[in-house]
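Read through the structure below, which is laid out as structure tokens, and then see the notes.
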Amino acid sequence: EYQFGISRITADGLTAGTVLLAFDVTEQAAAEHSRREFTANVSHELKTPLQSIMGSAELLENGLVKQEDVPQFVGVIRTEAARLVTLVEDIIHLSQLDEGTAPEKEQVNLLELADSAVSALRERAEERHIGLSVSGENLMVDGVRNFLYEMFYNLIDNAIKYNIDGGKVEVTVLTGDTAATVSVKDTGIGIPPEYQARVFERFFRVDKSRSKASGGTGLGLSIVKHIAQYHHAEIKLHSGNGRGTIIEILFAIGEM
Ligand code: ADP
């Protein structure tokens with residue numbers, strides 16, 4: 001789809017030439033559409049927790065909650081507020097990545113970042129008796145430390161959330177000939193083939209209730225995708241219904 005514009009260039013009142021301008025508006029229109037969709041999604045995602053916070057607060061304020069139920073309502077307020085914090089952080093990170101205003105790159109050790117993300121999530125895994133392991137080599141890449149940490153955090157967080165109780169999560173960092181591969185492997189519920197291409201879309205969830213119950217925003221993997229792109233890395237997904245999931249991020253060696 002093209003948009004045309006005609007301008008006449010005049011010099012001293014004489015027509016010096018006619019220029020035909022053609023813009024490809026397809027891409028522009030698609031970007032505009034996805035921006036609108038994103039805003040609509042964000043509004044919805046913000047409204048839902050805010051409404052439960054308001055509802056619980058009003059009931060408490062009006063003394064409509066039995067004494068023994070008070071902790072439950074306070075709990076709802078805290079959980080929903082925590083979800084809002086995560087959501088706002090996710091949105092800020094996405095917009096930094098979109099606008100390319102992310103911090104400067106530096107030499108970072110991927111194995112070290114994998115280790116810190118695993119430590120941060122260990123308690124959550126232990127609550128569900130999920131084994132969490134990291135292995136591999138010390139590997140330096142030119143990258144943004146916070147974002148690469150967030151990449152590991154989101155991938156490992158998902159590998160725990162969508163796992164079975166007593167399952168396993170293995171994180172590895174390996175150097176090959178042409179690429180360094182980070183992989184996060186789980187023994188969880190898997191992603192059905194028909195949804196595999198869509199899980200990297202903003203706000204897409206296979207099972208909305210499961211994602212929400214575990215504090216998911218539906219933005220985690222789209223952030224991972226943007227972080228990978230920012231570092232010129234490629235993402236590979238291997239999964240099947242009920243067969244666990246492996247997500248690999250391939251960093252090209254030497255050209256970052
Ligand atoms: P969420 O906040 O819902 O976890 P993500 O963007 O991180 O959002 O993931 C999108 C969807 O992809 C999830 O809702 C879930 O359905 C699916 N998913 C992501 N990681 C895994 C995984 N390791 N195993 C199974 N399903 C997954």
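Atoms within a ligand are numbered from 1 in the order they appear, just like the ligands themselves. Note that the coordinates shown come from a computational prediction; the quantities given were computed from them, not determined experimentally. No hydrogens, no waters, no symmetry mates; every other heavy atom, side chains included, goes into these values.
Those atoms of ligand 1 with a heavy atom of Ser211 less than 4.0 angstrom away are 1 (P), 2 (O), 3 (O), 14 (O). Under a 4.0 Å criterion applied to the non-hydrogen atoms of Gly216, ligand 1 contributes the atoms 2 (O). Listed by number with element, the atoms of ligand 1 under 4.0 Å from a non-hydrogen atom of Lys161 are 1 (P), 2 (O), 4 (O). The distance from ligand 1 to the heavy atoms of Val206 drops below 4.0 Å at these ligand atoms: 14 (O), 16 (O).
Looking at Gly220 next to ligand 1, an N or O pair under 3.5 Å apart turns up. Considering backbone and side-chain N/O of Leu221, one or more are found under 3.5 Å from N/O of ligand 1. The N/O atoms of Gly218, backbone and side chain alike, include one that comes under 3.5 Å of an N/O atom in ligand 1. Note: no N/O pair closer than 3.5 Å links Phe204 and ligand 1 by distance alone. Considering backbone and side-chain atoms together, Ser222 places no N or O closer than 3.5 Å to any N or O of ligand 1.
In terms of protein heavy atoms, atom 21 (C) of ligand 1 is closest to Tyr162 CD1, 3.5 Å. Looking at atom 26 (N) of ligand 1, its nearest protein heavy atom turns out to be Ile191 CG1, 3.3 Å. Shortest contact from atom 12 (O) of ligand 1 to any protein heavy atom: Val199 CG1, 3.3 Å.
Atom CD of Glu123 has 12 or fewer heavy atoms from other residues, nucleotides or ligands within 6.0 Å. Atom CZ of Arg210 has more than 12 neighbouring heavy atoms from other residues, nucleotides or ligands inside a 6.0 Å radius. Within a 6.0 Å sphere centred on CZ of Phe38, heavy atoms belonging to other residues, nucleotides or ligands number more than 12.
Ring geometry, Phe147 versus His93: the interplanar angle exceeds 60°, so the pair is classed perpendicular (tilted spans 30 to 60°).
Remark: the backbone N or O of Thr217 is paired with a side-chain donor or acceptor of Arg205 at under 3.5 angstrom.
Under a 4.0 Å N-O distance rule, the pair Glu127/Arg124 does not qualify as a salt bridge. Looking at Asp186 and Arg128, no side-chain N of the basic residue comes within less than 4.0 Å of a carboxylate O on the acidic one, giving no salt bridge.
Contact of the Ile247 side chain with the Asn158 side chain is not registered, since no non-hydrogen atoms from C-beta on lie closer than 4.5 Å. Between Ile249 and Leu155, the closest side-chain pair of non-hydrogen atoms falls below 4.5 Å. Annotation: side chain of Leu139 is not in contact with side chain of Leu111 (no heavy-atom distance under 4.5 Å).
For Gly190, the closest heavy-atom approach to ligand 1 falls below 4.0 Å. The closest approach between a heavy atom of Thr217 and any atom of ligand 1 is below 4.0 Å.
Of the candidates Asp186, Thr86, Asn158, Leu237, Asn158 brings a heavy atom nearest to atom 19 (C) of ligand 1.
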